[in-house]
Amino acid sequence: MIMAFLVGTMLMVNSDVSAGDNTPFLTGITSAGDFSKRQDDHLSRAKEALDKLVNVKGKRTVENTLTLYDDILTQLDAVANQASLLESVHPDEATRTAAEHFSQKVSAFGSELSLNRAVYDALASMDISAADAKTKFYVEKTLRDFRLSGVDKDEATREKIKALREELVLIGQDFARNIRDDVRTVTVTDAKELEGLPQDYIDRHKRDSAGVITLTINYPDAVPVFTYAKSESLRKRMYMEFNNRAYPKNIAVLDSMIAKRNELAKLLGFDNWAAAVTADKMIGSEKNASEFIEKIAAASKAKSEMDYKQLLARKQKDIPSAAEVNPWEAGYYSELVRKSDYDFDAQKVRPYFPYDEVKAGVLEVTSRLFGVEFKKNTTVPVWDKSVECYEMFEGGKLAGRFYLDMHPRENKYNHAAQFGIRNGIAGKQIPESALICNFPGGIAGDPGLMEHGDVETFFHEFGHLLHSLFAGRQPWIGISGITTEWDFVETPSQLLEEWTWDAKTLQTFAKHYQTGEPIPAGLVQQMRRAKEFGKGLQVRQQMMYAKMSLSCYDRDPKLVNTDELNRNLRERYTPYKYVEGTHFQTSFGHLDGYSAIYYTYMWSLVIAKDLFTKFDQKNMLDPGIATKYRKTILSAGGSKPAAVLVKDFLGRDVQFEGWKNWLEN
Ligand SMILES: [Zn+2]
């Protein structure tokens with residue numbers, strides 16, 4: 001351990017980013033047993049550092065205390081991230097189970113650490129008057145987090161807090177597993193029901209020996225049905241299955257998650273979980289979160305009503321007596337409005353977005369913007385043969401590594417997300433990160449044509465990934481990588497989406513899969529115009545989710561009935577009626593991961609729209625402003641409060657106008 005301690009301090013001043021531990025995380029791991037051994041090893045190293053920290057004699061210093069504390073976090077970070085990733089994606093069940101086990105173990109360790117009075121006292125008694133600004137900020141933030149975790153409560157209370165946290169890990173795992181495992185299907189016997197769907201979609205879904213065509217509720221199967229299928233019956237059947245994933249199992253799981261979190265919040269001295277979880281966020285309190293949701297909902301009300309009128313009018317062209325639009329019709333009629341009122345057909349852009357070209361484009365665009373190089377490395381071990389590994393180089397030196405696991409597979413996480421694998425530390429270890437998505441492609445003979453929305457999602461997740469890689473070079477792991485306030489984390493991701501709406505950017509990679517012709521600027525222009533339609537509805541829908549997330553956690557759990565919330569909030573924020581027999585909340589994974597703070601997306605979007613006003617929208621590939629953005633915001637990671645990072649970039653505080661102009665555009 002003394003080696004790690006020495007290595008840690010020595011390398012802190014070493015700016016060579018490729019020094020230190022750059023070994024790919026799966027090196028030497030080919031079985032659940034290997035994985036478990038590696039994680040046990042990390043945990044014993046954490047334990048050793050902890051013992052050492054508690055037993056330091058004499059005056060507490062950054063060198064003899066904070067270094068050890070950061071070392072504990074480094075070990076825990078590896079276990080927590082790698083377990084969370086592999087339990088979500090590993091094809092081998094034994095490894096997934098082992099990973100779940102280590103998620104529990106590391107969370108118990110972390111929870112115990114956050115309640116360890118001796119560690120808190122040790123950190124609090126360090127003399128940091130001569131330390132640099134980053135170290136000071138790190139220590140202050142850490143001490144505050146300790147207090148928010150309940151370190152100052154009596155022994156009995158701390159025991160209860162610990163037990164509750166451990167229970168919550170198990171509950172969260174049940175919740176995620178139920179979502180992951182419930183891949184429902186919709187069957188089609190009359191091929192006429194596929195009318196309206198793209199030809200490559202129809203080609204991909206052949207009849208089985210019994211003459212049945214099976215569609216799953218996974219995105220590549222479901223989204224085109226909602227958007228293009230002429231058959232209302234097919235769309236409705238898909239809607240019912242899609243909105244019942246993990247039902248009924250997760251109703252009880254969710255209830256117990258909500259109750260336990262409330263109990264935990266009370267022990268920590270808060271009125272409810274929403275108050276506890278917002279205390280260390282940019283927004284500051286659950287009252288502010290609630291006000292923010294109402295402010296956004298009010299700002300988008302008129303626009304949303306106009307959107308709905310347009311949708312209904314379009315439906316009435318087909319069905320003159322129609323008095324309302326059903327939720328399973330919203331995507332379909334939106335598409336038709338875009339065709340008739342905006343002269344835009346989404347199917348016309350799909351041929352320009354074959355998965356392989358889009359992937360190459362994401363890499364090329366971001367390497368140009370941020371001055372880094374990405375190289376595929378086929379020798380790095382991966383968890384499934386379909387996974388690709390890339391390495392990021394800067395000035396010829398290895399600076400980060402990432403994995404792309406991009407297509408659906410059995411027992412795999414079924415949304416889109418960036419997963420951290422190993423946070424970076426300057427001179428000590430390079431960051432590793434992964435994108436887990438469920439895009440078309442990856443099937444021999446299938447061009448893997450993506451919707452423009454998929455392309456946006458790819459850029460979004462890649463924005464998170466770049467944040468994790470660029471920020472992975474801070475001197476301490478506790479302020480490295482994505483350790484900023486949580487309600488800021490969706491800013492870099494949503495900002496990067498902007499490049500998917502720029503014709504010049506798209507033309508560098510969006511080439512027709514049959515003719516190789518770049519996407520015509522006029523088509524992008526039409527797509528941009530068509531995008532204006534539906535924004536009001538989308539914002540209100542987001543506020544429905546945000547209010548749902550907040551309402552599960554801002555009151556006495558006895559008063560929370562998630563079905564009722566779903567029904568009431570849907571009807572309050574969106575023009576659509578609740579559909580009997582649907583339970584979208586059972587697969588609303590954010591209710592665990594983000595708990596009360598789903599508002600984060602819109603909060604971050606307000607910031608992203610403001611940041612975007614500083615970019616040259618005629619020359620989006622200009623690295624000048626991108627470099628400033630990277631330096632002031634992305635690379636800074638969690639070394640300053642997010643509001644300060646934003647001010648460093650903007651030269652002023654955030655304003656609401658950028659977002660408002662976007663909405664009312
Ligand atoms: Zn995101």
Side-chain angles (χ1 to χ4, degrees), residues 17-18 20-27 29 77-78 80-86 88-90 355-356 358-407 409 412-413 415-426 428-439 441-442 454-455 457-474 477 480-483 489 492-493 496-497 499 509 630 634-635 637:
V17 294
S18 64
D21 179 14
N22 294 335
T23 319
F25 82 109
L26 275 180
T27 305
I29 297 179
D77 166 82
N81 280 316
Q82 290 161 33
S84 151
L85 173 71
L86 294 190
S88 309
V89 300
H90 207 286
Y355 171 79
D356 289 329
V358 172
K359 178 186 72 181
V362 171
L363 299 176
E364 170 59 26
V365 165
T366 52
S367 79
R368 223 156 116 179
L369 277 176
F370 298 110
V372 289
E373 232 189 311
F374 300 116
K375 289 185 197 159
K376 190 167 167 175
N377 186 333
T378 52
T379 63
V380 168
V382 293
W383 54 91
D384 184 84
K385 59 181 189 317
S386 65
V387 177
E388 294 184 314
C389 173
Y390 283 86
E391 292 183 320
M392 182 176 89
F393 291 84
E394 188 158 19
K397 282 180 182 154
L398 180 64
R401 182 178 295 121
F402 58 92
Y403 302 82
L404 300 179
D405 183 350
M406 306 301 267
H407 312 292
R409 187 173 61 239
K412 181 185 140 176
Y413 176 82
H415 296 272
Q418 175 264 340
F419 282 68
I421 293 177
R422 179 173 64 203
N423 203 347
I425 311 170
K428 200 173 167 190
Q429 60 186 33
I430 59 159
E432 289 197 298
S433 194
L435 289 197
I436 310 302
C437 300
N438 287 277
F439 293 138
D454 293 331
V455 179
T457 302
F458 199 160
F459 273 74
H460 175 107
E461 300 307 338
F462 208 77
H464 286 306
L465 184 108
L466 288 178
H467 192 191
S468 78
L469 298 184
F470 292 153
R473 227 179 283 175
Q474 290 294 330
I477 201 164
S480 206
I482 306 178
T483 45
V489 304
S493 51
L496 204 62
E497 289 176 19
W499 275 260
F509 66 87
R630 174 181 168 182
L634 297 179
S635 302

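The shown structure was predicted, so the numbers you read here are calculated from the model rather than taken from an experiment.
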| request: Output, in order, the C-alpha distance, side-chain angles, deciding distance and verdict of side-chain contact (heavy atoms from CB on, under 4.5 Å) for V365 and F509. | output: CA-CA 9 Å; V365 165; F509 66 87; 4.2 Å; yes

Which of F393, W499, F470, F462 passes ring-ring contact (aromatic ring centres under 6.0 Å, His included) with F370? It is F470

Please name all residues satisfying salt bridge (Lys or Arg N to Asp or Glu O under 4.0 Å) with [X], sequence neighbours left out, ordered by chain then number.
X	result
E497	none
D405	R409, K412
E388	K359, K376

[X] to [Y] - nearest heavy-atom pair and separation:
X	Y	value
G424	S480	O-OG, 2.7 Å
F458	F439	N-CZ, 3.7 Å
P492	L634	CB-CD2, 3.7 Å
V382	C389	CG1-CB, 4.4 Å
A399	R473	CB-NH2, 3.4 Å
E391	N377	OE1-ND2, 3.0 Å

From the list L466, V489, I482, side-chain contact (heavy atoms from CB on, under 4.5 Å) partner of Q418 resolves to I482

Residues at least two apart in sequence or cross-chain that pass side chain to side chain contact (heavy atoms under 4.5 Å, CB included) with A416, listed by chain then number, are C437, T457, E461

First locate atom [atom1] of [X], then atom [atom2] of [Y], and finally report the distance between them rounded to the nearest 0.5 Å.
X	Y	atom1	atom2	result
D77	I425	CG	CD1	8.0 Å
L465	L404	CG	CG	7.5 Å
I421	S468	CD1	OG	9.0 Å
M392	L363	CE	CG	12.0 Å
I436	H407	CD1	NE2	11.5 Å
N22	K397	CG	NZ	12.0 Å

T27 meets the side chain to side chain donor-acceptor pair (under 3.5 Å) criterion, sequence neighbours left out, with none

Sorted by chain and residue number, the side chain to side chain donor-acceptor pair (under 3.5 Å) partners of Y403 (sequence neighbours excluded) come out as E432

Query raised in the report: Cationic tip of R422 within the cone over F25's six-membered ring, i.e. under 6.0 Å and within 45° of the normal?
Result: no

- Message: Ring of Y390, cation from K375 - is the NZ or CZ under 6.0 Å from the centre and inside 45° of the axis?
- Response: no

- Message: Using modelled atom types and a 3.5 Å cut-off, is there a donor and acceptor pairing between side-chain atoms of E394 and backbone atoms of E373?
- Response: no

Assess the residue pair L369 and R630 against the criterion (side-chain contact (heavy atoms from CB on, under 4.5 Å)); give the C-alpha distance rounded to whole Å, side-chain angles, the decisive distance to 0.1 Å, and a yes or no. CA-CA 9 Å; L369 277 176; R630 174 181 168 182; over 6 Å; no

Item to complete: Please step through side-chain contact (heavy atoms from CB on, under 4.5 Å) for the pair L496 and H467, ending with a clear verdict.
Response: CA-CA 11 Å; L496 204 62; H467 192 191; over 6 Å; no

Exercise. Determine, using ring centers only, whether Y413 and F419 are less than 6.0 Å apart.
Key: yes

